[in-house]
Amino acid sequence: MAGQLIVGLDVSTRARAEEIVALLGDSVDFYKIGYQCFYGADGLALGKALLAAGKKVFFDLKLLDIDNTVEKGVAAFAETGATMLTVHAYPKTMRAAAKAAAGSGLCILGVTVLTSMDDADVKEAGYERDAAGLVALRAQQARDAGIGGVVASPLEAEMVRTIIGPHMAIVTPGIRLAGSPAGDQKRVMGPAEALALGASHLVVARPIIEAADPAAAARAILDDMNRGTRLA
């Protein structure tokens, strides 16, 4: 179960990131390094150190560029031994990433629609579909591109699972325990429910890393996840 919980190291210094990892100890073995940590906390070096210590690392950098640039970037990340890497779920980008990651252990994830976006945000961005419709389209395109999985809201996890089948990963941010503040997230769900609906991995950052006791907060998430395995 611990392997399905990915803790987001959304901090600005390597010292703070390492402090969180130490506080969480053996209860968490999977960490996400996104923009803030990657650019502000020497996140590439941190990720390599975590990998050397036996942890799994998810580089959440949402790559989008011309095919050649995406291929070379993905190939560089594959050489680190990282477990997951995000790209934007555009067909050409996903195909280029799949090509570069072939034969490695790197799982390419296509980001469908950010959990901070709702139907109004999707419309403002120029799409004629609602959020769920755009997620469905991108899930199908991710499946056809041959990548390892998608990032989607837990609210769409069940629908996405029917599209991509049983083997691809569904990584869901926007995870909150009942009664917890949603922050800037608009499409959220509890850990147990997200797993029961088809999510394979849950990303949790602020509810753990900003807690007075991060280890206790992680245990609460894991306890709820265990309940989710019984619901599934």
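This structure is a prediction, so every number in the text was calculated from the model and none was measured. As a basis for the values below, the full set of heavy atoms in this structure was taken, side chains included, without hydrogen atoms, waters or symmetry mates. Position 1 is the first residue of the sequence, and the numbers go up from there.
With values rounded to the nearest 0.5 angstrom, I163 atom CD1 is found 9.0 Å from I170 atom CD1. Separation of atoms CG (D10) and CZ (F38) is listed at 14.0 Å; rounding is to 0.5 Å. Here D29 contributes atom CG and I6 contributes atom CD1; the two are 10.0 Å apart, rounded to the nearest 0.5 Å. To the nearest 0.5 Å, the span separating CG on L61 from NE2 on H88 amounts to 10.5 Å. Interatomic distance, R219 CZ to L24 CG, rounded to the nearest 0.5 Å: 9.5 Å. For the atom pair OG1 (T80) and CG (L106), the distance works out to 7.0 Å, reported to the nearest 0.5 Å.
More than 12 heavy atoms of other residues, nucleotides or ligands shown are found within 6.0 angstrom of NZ on K56. Atom NZ of K55 has more than 12 neighbouring heavy atoms from other residues, nucleotides or ligands inside a 6.0 Å radius.
For T172 (side chain) and S153 (main-chain N/O), no donor-acceptor pair under 3.5 Å exists by modelled atom type. Here the side chain of D224 pairs a donor or acceptor atom with the backbone of A192 at under 3.5 angstrom. Panel note: side chain D65, backbone V70; no donor-acceptor pair is recorded below 3.5 Å.
The shortest side-chain heavy-atom distance between P173 and V151 falls under the 4.5 Å cut-off. Contact check for F30 versus H201: side-chain heavy atoms found under the 4.5 Å cut-off. At least one side-chain heavy atom of D67 sits under 4.5 Å from a side-chain heavy atom of K92. A 4.5 Å side-chain heavy-atom check between M189 and L155 finds at least one atom pair inside the cut-off. Contact of the P214 side chain with the I209 side chain is not registered, since no non-hydrogen atoms from C-beta on lie closer than 4.5 Å. Using a 4.5 Å heavy-atom cutoff, the side chains of Q140 and P91 are not in contact. Looking at R161 and I164, their side chains come closer than 4.5 Å, going by heavy atoms from C-beta outward.
Using a 4.0 Å cut-off between charged side-chain N and carboxylate O, E19 and R16 make a salt bridge. Remark: D144 does not engage R95 in a salt bridge, criterion side-chain N to carboxylate O under 4.0 Å. Classification of K62 and D60 as a salt-bridged pair holds, one side-chain N sitting under 4.0 Å from a carboxylate O.
Using a 30° and 60° split on the angle between ring planes, Y35 and Y39 fall in the tilted class, from 30° to 60°.
Here the shortest heavy-atom pairing between I147 and I108 reads CB-O, 3.6 Å. For the pair F59 and G43, the tightest heavy-atom approach, listed with the atom from each and the gap, is CE2-O, 3.9 Å. Between R138 and M94, the shortest heavy-atom contact is O-CE, 4.3 Å. A49 and R14 make their closest contact through CB-NH2, 3.5 Å (heavy atoms, listed as atom of the first residue, atom of the second, distance). Nearest heavy atom pair, residue L46 against residue A41, reads CB-O, 4.5 Å. Q36 approaches S12 most closely through the heavy-atom pair NE2-OG, 2.7 Å.
Of the residues listed (T115, L134, V135), the one engaging E156 in a side chain to side chain contact (heavy atoms under 4.5 Å, CB included) is V135, and it is the only one.
No single ILVMFWY cluster, assembled from side-chain heavy atoms under 4.5 Å apart, contains both I221 and L23.
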